[in-house]
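Comments concern the structure below.
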Amino acid sequence: MDLRAGDSWGMLACLCTVLWHLPAVPALNRTGDPGPGPSIQKTYDLTRYLEHQLRSLAGTYLNYLGPPFNEPDFNPPRLGAETLPRATVDLEVWRSLNDRLRLTQNYEAYSHLLCYLRGLNRQAATAELRRSLAHFCTSLQGLLGSIAGVMAALGYPLPQPLPGTEPTWTPGPAHSDFLQKMDDFWLLKELQTWLWRSAKDFNRLKKKMQPPAAAVTLHLEAHGF
Amino acid sequence: MMDISLCLKRPSRMGDSKRMRMTSNFQWLLLTVLLLYLMNQVNSQKRRTPRDLKCITNNLQVWDCSWRAPSGAGHGAAYEVCFENGSHSCYRLEKNVKIPALLPGDHEITINPLHDFGSFISKFTLNEKNVSFIPDVPEILDLSADFSTSTLHLKWNDKGSVFPHHSDVIWEIKVLRKKNMEIVKLVTHNTTLNGRDTIHHWSWTSDMPLECATHYVGIRCYIDDPQFSGRKEWSDWSPLKNISWSPDSQTKVFPQDRVLLVGSDITVCCVTQEEVLSAQIGSTYCPLIHLDGKNVAIKIRNISASESSGTNVVFSVEDNMFGTVIFAGYPPDIPQKLNCETYDLKEIICTWNPGRPTFLVGPRNTSYTLFESFSGKYVRFKRVELPTNESYQLFFQMLPNQEIYNFTLNARNPLGQSESTLLVNITEKVHPHIPTSIKVKDISSTAVTLSWHLPGSFAKIKLLCQIEINKTNSVHELRNVTMKGIENSSYLAAVDKLNPYTIYTFRIRCCTDPFWKWSKWSNEKQYLTTEAIPSKGPDTWREWSSDGKNLIIYWKPLPINEANGKILSYNVSCSSDEETQSLSEIPDPQHKAEIQLDKSDYIISVVAKNSVGSSPPSKIASMEIPNDDLKIEQAVGMGNGILLTWNYDPNVTCDYVIKWCNSSRSEPCLMDWKKVPSNSTETVIESDQFRPGVRYNFFVYGCRNQGYQLLRSIIGYVEELAPVVAPNFTVEDTSADSILVKWEEIPVEELRGFLRGYLFYFEKGERDTSKMRVLESGRSDIKVKNITDISQKTLRIADLQGKTSYHLVLRAYTDGGMGPEKSMFVVTKENSVALIIAILIPVAVAVIVGVVTSILCYRKREWETALLKHWK
């Protein structure tokens, strides 16, 4: 994974994904209740925006952590970041998840990540970095609200946090600065993976929620081009 | 070494050798054999006596003496040792003897082997000088380690109670590292024995974290007792004690999160069970130093300042990496420019500059403590932000009845501390807040009361406030007000000598006495003073209408500083001895009134009125005193104005009035007027209305008791320009050799200056060919006539050629320049006399030639006839 700001490959990938899913955009001339489609689209757009925003933030933050954290081939083991929600999942397992489970996992992951990010914000030594982190936290809070909106539109209940399982940011003498930096690195990395995964989830959900007739029509039109 | 004498226990055998000398060679041989035998006997006796007595002491109180046992003495042989030490003492013992330290000097010791009949008694002379002083091996009481600081702490007992005298002790301590016992430190440590057991400490900070390798410590000592005359020797090394870190299964890097000075060296190690492949600091790879097992270290020399999140040191193993963060920075600089002052005598604000950046941020950032020594109070400052060069500040609550403060600002970070001190009398360091709530209240039209709020406990000091008074188009004025300070209140000051009905802008700043700093200027407060009656009547002039029946009265609006308010209306009255005519309430924008008067001798009075009252009247006589001796003069100005002069006239009692108007306007014409005092003889007339090239009429009036007399009439320009048109000219008459040209005057508006003359150019030329040619006076074929008599309107050009085309050009000029040209082509008439002559001469010549020819032909015929006749 490459977290450097200004990565043109990431932008290209984003563009390709958008183009690939272009034929599946919901029909604009639909009438009546729009359903959850628009809110899923908004959530998807917000996810892509956050991916872009994270690229800039990660570049700044990794430079702040200093070398070798900001080196392109730096790939440390995941040591103390065990409490971070993992975005990676087996493809078969992922495919087997239903919509509710996917959305729930997304919601829970971002809830946790947001909490860790806020801790990161408190730790940052420079005011400029704190401003950038605070801005990103606000955006991520928006994404959480957006996911909650999609879940509500689909009639899914929001996951309730189990008592005592709220993630806490506990920097202290037991946690050395180096391990802290490793955690920070992994937090940014997981965030990027989660955003990538969420974009796929929301795109899949978006396609699923489209009325079949409209989708076919649009598909044919796309092929007609 | 030791003086030993032997005493034989049995009688001598010297009688045998005397008998052997009786023979010669055999005797010599026997003698030699005998000598060898005797020497053998002596040696045998030596071996059979105690010898090599050696005494050492560990404590200077007891000497431990030992000797070599006689040969053949059994393991448990007993001896009787006797010595003299004031009294004769004997001890029975086996091998060595501990005797109390003997007094200085030689002492005889006899050692008599007991129960050994083949042995001899030995006598030794023992002196303290022959005794060696070898202290006991020191015992390490404790060896501990502070792993966080990589410091070893050694503790031991000097056992000073054993020694009778005060003595200097040299301790030698050695530190060994790793299992192969590399000496990393050998140091001496000096103490003094003082008759008591004393615990000593020694600490040593390792350049390598103690977790990296096992460290061993040993100690020995040398006691330099000044009263002991024997040989002093080092004790043996104590048994080594070691410090080692008990690693758990996890790999760890040491030191963790260490803060150190920029430029220093540091060793970082990785305690691991795995093979370390590489190590790097930041992005720079470092050579590995192999320690015990698979532990490795790297040495970082002259480390540079860290970035805000520290410098990363990373060790990589095959599938993992471990690291630590080092924070290289500086101890806090001495706080610079420490300054303490107060805004309100309630709270002291101390500011300072942190000086050189420490490069340490977050929890390692510099913390500041401001301590006041008289009260013992302090306040703390902690910045989380990245430090910058901006000033830092701390607030300290003032204490009642304390004016002198002795501040110490202490700066501290993990690398050290520094401090600055400041003794301050706070009543001399008052920098008041900005005055607020500025209010203005009328006292009169020329005085107001200013009030403002100034927070602060200024009850015991004096305040000096400065009021800035700004008036539009005027320089600002500063007035100082001194007042007694009060507690958190408003202050009042009267401001007088203001102008009525004037917009003033006030702002205030204050300081205290003695002066330290001005407060910032308050916000501006604008205020319009109230109106007062106009201070003067308007400037008035009058003109008679062209028919002489009406008098037109003009007046100028009062300037704002004389109007003292908004002028609402004017009253005009014309008074004579018999009657008075009045025009009342002429509204303000109107500054002219016309009154029909029967006669010319009136006094006109004009009064301006505002809301408060009327101005004093302005009076002017209506009469014009005739002046028969009047000439019209010319004057030219300086561009923006024109200087007019006149002779002093003692009859002029009031003033001079200069009025002017544009000369092209019809009478009565008045653009403006100006009054100058009666003692003046010149004035410069300036007006925004003046334009260059425009002719103005100026009239200078002298004011006398009865009225005004026109003294001078002047036409003039503020600046002359060139004429804008050329004079229209025509050819009045043409002959064969001359042309008469006539031209017209140029109108005044187009002349734009006083006409100074005309230039007339002429040259031969056809219309088509000369059209494009420019007339230049320098050309030889162009003739120029400069006509300076401006009354001349005709010109005859003579000496021209007949029947020739001429190009004529006329242009006028003023002092402002040459006007445009107007041109014309004229052809002169033909010359008839010359034509006649030209015809008559050829005819006459032809006639004469014919006559002559006829005559010659007739004569020839006559001659031929006569000749023929002759021949015939």
Side-chain angles (χ1 to χ4, degrees), chain A residues 1-4 57-82 116-134 169-189, chain B residues 147-148 211 250-259 268 270 274 278-286 304-329 357-366 382-388 390 414:
Chain A
M1 183 187 70
D2 192 349
L3 286 166
R4 279 180 306 167
L57 173 71
T60 310
Y61 199 86
L62 294 182
N63 279 335
Y64 162 72
L65 294 183
F69 290 94
N70 58 353
E71 289 170 357
D73 54 348
F74 183 68
N75 192 17
R78 188 173 166 134
L79 290 177
E82 294 304 326
Y116 286 121
L117 260 181
R118 284 178 175 147
L120 204 68
N121 191 13
R122 285 192 290 274
Q123 289 280 306
T126 63
E128 187 191 347
L129 203 55
R130 280 208 297 277
R131 272 195 296 276
S132 300
L133 282 164
W169 190 260
T170 54
H175 215 58
S176 74
D177 280 303
F178 186 78
L179 290 177
Q180 185 65 56
K181 285 186 175 188
M182 295 278 259
D183 287 358
D184 294 352
F185 180 90
W186 271 103
L187 175 59
L188 295 172
K189 191 167 181 174
Chain B
F147 287 101
S148 64
E211 297 92 338
Q250 286 187 338
T251 298
K252 287 199 172 143
V253 176
F254 299 99
Q256 283 288 321
D257 310 336
R258 175 66 59 86
V259 183
V268 182
C270 180
E274 301 172 71
S278 66
Q280 64 186 108
I281 172 166
S283 49
T284 309
Y285 285 87
C286 303
S304 50
S306 298
E307 295 297 324
S308 52
S309 75
T311 304
N312 305 311
V313 179
V314 178
F315 291 87
S316 299
V317 296
E318 179 146 10
D319 56 353
N320 211 338
M321 58 177 55
F322 310 96
T324 182
V325 183
I326 294 166
F327 299 90
T358 63
F359 296 96
L360 301 176
V361 294
R364 296 158 203 88
N365 197 1
T366 306
K382 179 79 179 169
R383 273 181 82 102
V384 183
E385 296 274 327
L386 190 68
T388 59
E390 69 193 33

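Below, chains carry the letters A, B, ... as their sequence lines are ordered, and counting in each starts from 1. If you're wondering where the values come from, they're calculated on a predicted model, not measured in any experiment.
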Worksheet entry | Test applied, side chain to side chain contact (heavy atoms under 4.5 Å, CB included); reference residue, Phe178(A); option that passes from Val314(B), Val253(B), Val313(B), Ile326(B) |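 Of the listed residues Val314(B), Val253(B), Val313(B), Ile326(B), the side chain to side chain contact (heavy atoms under 4.5 Å, CB included) partner of Phe178(A) is Val314(B).
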Practice prompt. Please list, chain by chain and in numerical order, all residues satisfying ring-ring contact (aromatic ring centres under 6.0 Å, His included) with Tyr64(A), sequence neighbours excluded.
Written response: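 Tyr61(A).
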Worksheet item: Which residues satisfy the side chain to side chain contact (heavy atoms under 4.5 Å, CB included) test with Ser283(B), sequence neighbours excluded?
Response: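 Result, side chain to side chain contact (heavy atoms under 4.5 Å, CB included) vs Ser283(B): Pro67(A), Glu71(A).
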Fill in: Under-4.0 Å salt bridge between Arg258(B) and Asp177(A)
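The answer is no: the pair does not qualify as a salt bridge.
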Worksheet item: In this structure, are over 12 heavy atoms from other groups packed under 6.0 Å from Phe147(B) atom CZ?
Response: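 Count over threshold, so yes.
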Practice prompt. Go through Met321(B) and Phe74(A) one step at a time and tell me if the side-chain contact (heavy atoms from CB on, under 4.5 Å) criterion holds.
Written response: CA-CA 11 Å; Met321(B) 58 177 55; Phe74(A) 183 68; 3.4 Å; yes
Worksheet item: What pair of heavy atoms forms the shortest contact from Pro68(A) to Asn312(B), and how long is it?
Response: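 That would be CD-CB, 4.0 Å.
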Practice prompt. Answer with side chain, backbone, both or neither: which region of Gln256(B) has an atom nearer than 4.5 Å to a non-hydrogen atom of chain A?
Written response: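 Only the side chain of Gln256(B) comes within 4.5 Å of chain A.
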Worksheet item: Just by modelled atom types, is the Ser309(B) backbone N or O under 3.5 Å from a matching donor or acceptor in the Lys181(A) side chain?
Response: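 Flag set: sc Lys181(A) to bb Ser309(B) pair under 3.5 Å.
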